[in-house]
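Below is one structure, written out as structure tokens, with a few remarks after it.
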Amino acid sequence: MFRQFRKEVIKVLGDYGEERFVRESEHADLCSTVAFKLAKEKKRKPSEIAEEIISSLEFSDVEYVGKVEAVNGYINFYANYEFLEDTVNLILDSDENYGSFKMDGAGNVLVEHTSANPDGPLHIGHIRNSIIGDTLARMFRKAGYEVKTHYYVNDMGRQIAIACLGYERFGIDENKKPDHAIVEAYIKMNREIEGKPELEEEVEKLMLDYERGEERAVRLFREVVEHALKGIGETLHRLNISHDEYVWESSFVRNGYVDRVIEMLEKAGMLKEEDGALVINMKRFGYEKDVVVRRKNGTTLYVTRDLAYHLWKNENFENFVNVLGADHKLIGRQLQDVLKALGLKPPEIVFFEFVSLPEGSMSTRKGQFVSADELVEKVCEEARKIVEKREDLNGEEKEEIAEAVAVGALRYDFVRIAPEKPMTFDWSKALDFERQSSAYIQYSHARACSILRKAVKEGMPEIEFSAELCTPEERKLVMLMSKFSWVVEKCIRSLRPNAFADYLMDIAAAFNDFYSKNPVIKAEGEVRMHRLAIVDACRIVLRNGLELLGIRAVEKM
RNA sequence: GGACCCGUAGCCUAGCAUGGACAAGGCGGCAGCCUCCUAAGCUGCAGAUCGCGGGUUCAAAUCCCGCCGGGUCCGCCA
């Protein structure tokens with residue numbers, strides 16, 4: 001709805017309706033700063049120009065633009081009663097579909113995220129990737145895109161070869177979750193290898209065998225990778241994250257895409273030979289060093305397979321977005337430049353900065369990490385302690401709520417931080433469920449449900465929103481709720497989902513403010529009907545918003 | 001050495017794309033609110049040289065240059 005209001009404001013402004021001057025404001029529903037720009041050209045006061053523009057506005061074709069006023073050079077726009085009424089009614093009518101819209105140019109999109117090496121469990125750094133990626137995928141769907149998600153499995157890495165040797169040599173603990181069992185073998189093998197060139201050679205040979213498709217290697221790799229992925233999948237599932245497909249890196253060696261991409265590079269004249277290896281000349285793109293795509297022994301490299309993967313993406317999708325750690329910045333940009341030079345579409349990449357521990361950075365190889373499983377379990381325990389105090393809930397409900405609150409807290413803590421911001425993991429913050437946490441939003445939703453339950457108990461309530469009855473808190477809440485799709489659109493355009501986390505928090509806060517000042521059940525007549533409509537609308541918005549963040553909206557807590 | 005990212009109250013963060021109305025929240029601190037729709041809540045108070053220095057502009061947290069601090073990357077690894 002807000003998107004429409006904004007379009008109307010731009011229309012009303014006519015020749016002065018340049019998008020970039022129309023913005024949100026604390027002082028009005030929308031404002032334009034165009035008078036400031038014109039003031040310079042015309043050498044006159046912004047306030048005078050603003051007044052003049054207002055008197056020239058044409059309101060014939062618009063439904064929702066109400067009051068307009070000039071204040072200190074700003075042109076302030078307010079939505080009218082009809083807008084508020086249509087917003088609330090649209091929310092109530094569209095229910096679970098509220099917030100869905102068709103973004104300009106929405107087509108299909110492939111979101112590749114997580115893609116952690118299958119040599120052990122996901123840790124809190126990987127989770128940041130998963131949460132950003134999964135949330136973006138949900139947002140694309142909300143914006144009318146057809147979305148597929150991929151987990152790109154790096155099954156050809158040295159790490160995996162080491163894990164395989166460890167698996168073969170030491171076996172694994174079958175009682176443990178499979179990813180945790182694999183990482184034990186991996187860490188042990190890493191220690192074993194240190195300073196032993198003969199073992200190094202064995203690793204090299206195993207990798208070579210795997211690339212060549214030799215039976216023993218293929219079987220071993222598959223076993224280890226599938227084991228690890230099974231555990232990783234379970235972790236993701238608990239976080240409400242799933243992938244449509246796990247795409248194995250090695251498949252591009254076997255299906256010919258690697259050969260095809262090398263051929264394309266060759267034809268484009270981008271390759272040269274150096275000591276028997278094939279190399280892309282990167283100096284022309286401004287890079288210091290070149291990129292090897294085929295070793296002298298004929299085997300390929302990570303970047304070669306990634307190029308092949310993106311050739312495949314070009315053939316199957318209109319848009320593709322990758323979520324990658326900041327350590328991939330250089331290689332990611334090189335990939336984009338090479339693809340462009342080949343006339344292919346490069347992926348859009350969301351880079352996120354690292355999550356470190358107070359004691360330093362994490363390392364799977366050294367076993368220095370906080371696993372996602374451990375994190376969820378601890379947060380869940382903490383949530384149980386609080387839920388335990390509730391007397392009106394049974395055991396099953398309590399467990400369900402604790403799980404929803406824990407997963408929510410986790411997802412929210414990661415998604416609310418802008419991707420480019422480095423994070424230091426802090427247990428005390430992870431275990432805090434007050435304010436600025438998803439529990440606050442879930443609580444607000446549960447309160448809305450509770451008010452409605454009570455109203456139903458007292459007899460089937462009639463609900464009807466009347467804009468002219470709105471108190472300031474109510475108007476503010478409705479305006480906020482109208483912005484749902486607008487905020488989603490902003491997040492997609494910038495590929496940064498954090499703005500939505502803030503937005504939903506604002507709604508929850510506005511709802512709390514509303515019901516603490518405006519009694520609902522105790523109100524009578526049309527005021528009661530009006531407030532019940534707001535509560536129900538807010539319940540829907542909070543639930544849909546939480547869903548968009550992959551967080552369960554529980555009805556009691 | 002080169003490249004990229006981050007630096008906003010004691011602490012964590014939003015705002016930076018498109019410069020504009022008093023820099024917005026939360027945690028922690030202090031003072032209040034449960035005979036009243038769930039206190040995982042609400043209200044109020046205190047707390048900021050927006051890392052530092054220049055520049056552009058009528059106007060800079062936001063743009064440009066330099067510096068400082070933290071992180072990351074610069075393999076015939078992935």
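Small disclaimer: the values here were computed from a predicted structure and weren't measured. Just so it is clear: chains get the letters A, B, ... in the order the sequence lines come, proteins before strands, and each one is counted from 1.
Rounded to whole Å, the P atom of B:C45 lies 13 Å from the corresponding atom of B:A24. Between B:C5 and B:C64, the two P atoms lie 10 Å apart (nearest whole Å). Straight-line distance between the C1' atoms of B:C52 and B:C58: roughly 26 Å, to the nearest whole Å.
Side-chain atoms of A:D155 stay outside donor-acceptor range of the base of B:A78, with no qualifying N/O pair under 3.5 Å. One cannot find a donor-acceptor pair under 3.5 Å joining the base of B:A39 and the side-chain atoms of A:R447. Scanning atom types as modelled, no donor and acceptor separated by under 3.5 angstrom connect the side chain of A:R416 and the base of B:U13.
Sparse packing is recorded around CD of A:E555, with 12 or fewer heavy atoms of other residues, nucleotides or ligands lying under 6.0 Å away. Within 6.0 Å of CD on A:E458 lie more than 12 heavy atoms contributed by other residues, nucleotides or ligands.
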Donor-acceptor contacts under 3.5 Å from residues 399-408 of chain A side chains, at least two apart:
residue	atom	partner	partner atom	Å
A:E399	OE1	A:R384	NE	2.8
A:E399	OE2	A:R384	NH2	3.2
A:E400	OE2	A:R552	NH2	2.9
A:E403	OE1	A:R238	NH2	3.0
A:E403	OE2	A:R238	NE	2.8

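Residue A:D413 is out of contact with every strand shown, counting any heavy-atom pair closer than 4.0 Å. Among the heavy atoms of the strands, none lies under 4.0 Å from A:V535. If you check every strand for non-hydrogen atoms under 4.0 Å, A:V387 touches a base. Residue contacts for A:K296: at a heavy-atom cut-off of 4.0 Å it reaches a base atom on one of the strands shown. Contact annotation for A:F36: base contact, defined as any heavy-atom pair under 4.0 Å involving a base atom. If you check every strand for non-hydrogen atoms under 4.0 Å, A:E249 touches sugar and phosphate atoms only. Residue contacts shown for A:D275 include a base, since a base heavy atom lies under 4.0 Å away. Among the heavy atoms of the strands, none lies under 4.0 Å from A:S494. Across all strands shown, A:K522 has heavy atoms under 4.0 Å from sugar-phosphate atoms exclusively, and none from any base. Within the nucleic acid shown, A:R528 has no heavy atom closer than 4.0 Å to any nucleic acid atom. As judged by a 4.0 angstrom heavy-atom cut-off over every strand, A:K490 is placed among residues making no nucleic acid contact. Counting any heavy atom pair closer than 4.0 Å across all strands shown, A:R333 reaches sugar-phosphate atoms only and no base atom. Counting non-hydrogen atoms under 4.0 angstrom, A:R435 reaches the backbone sugars and phosphates but no base. At the heavy-atom level, A:D506 lies nowhere under 4.0 Å from the strands shown.
Residues passing the side-chain hydrogen bond (donor to acceptor under 3.5 Å, both in side chains) test with A:R365: none are found, sequence neighbours excluded. Under the rule for a side chain to side chain contact (heavy atoms under 4.5 Å, CB included), the partners of A:V279 that lie at least two apart in sequence or sit in another chain are A:K272, A:E274, A:D290, A:V292.
Residue pairs that meet the salt bridge (charged side-chain N to carboxylate O under 4.0 Å, His left out) test with at least one member in residues 441-457 of chain A, sequence neighbours left out, do not exist here. Sorted by first and then second residue, the ring-ring contact (aromatic ring centres under 6.0 Å, His included) pairs involving residues 431-461 of chain A (not counting sequence neighbours) form an empty list.
The base-pairing partner of B:C63, taking Watson-Crick or G-U wobble contacts with both distances under 3.5 Å, is B:G55. The base-pairing partner of B:U43, taking Watson-Crick or G-U wobble contacts with both distances under 3.5 Å, is B:A31. Across all strands shown, B:U18 remains unpaired; no Watson-Crick or G-U wobble contact has both distances below 3.5 Å.
Separation of the A:Y309 and A:Y152 ring centroids falls under the 6.0 Å cut-off. If you look at A:W248 and A:Y246, their ring centroids are not closer than 6.0 Å.
Which of B:G25, B:A39, B:A21 sits closest to the side chain of A:Q436 comes down to B:G25. The side chain of A:I386 lies closest to B:A40, out of B:A21, B:A39, B:A40. Of the listed nucleotides (B:U38, B:C12, B:C76), B:U38 has the atom at the smallest distance from the side chain of A:A446. Considering only side-chain atoms of A:A439, the nucleotide from B:U8, B:A40, B:C76 that sits closest is B:A40. Taking the side chain of A:R295 as heavy atoms from C-beta on, and the options B:C76, B:A40, B:C6, the nearest nucleotide is B:C76. Considering only side-chain atoms of A:S25, the nucleotide from B:C12, B:A21, B:A78 that sits closest is B:A21. Nearest nucleotide to the A:E26 side chain, out of B:C36, B:C76, B:C22: B:C22. For A:K421, the listed nucleotide lying nearest its side chain is B:C6; candidates were B:A78, B:A39, B:C6.
Annotated as syn: B:C34, whose glycosidic dihedral is within 90° of 0.
Taking the side chain as every heavy atom from C-beta outward, A:F285 and A:M270 approach each other to under 4.5 Å.
Each of A:E274 and A:E19 was assigned the nucleotide of RNA chain B with the nearest heavy atom; the assignment lying further toward the 5' end belongs to A:E19. Nearest-nucleotide assignment on RNA chain B puts the 5′-proximal partner with A:R496, out of A:R496 and A:D513.
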Check: protein-nucleotides 67-75 of chain B nitrogen or oxygen pairs below 3.5 Å:
residue	atom	partner	partner atom	Å
B:G75	OP2	A:K289	NZ	2.5

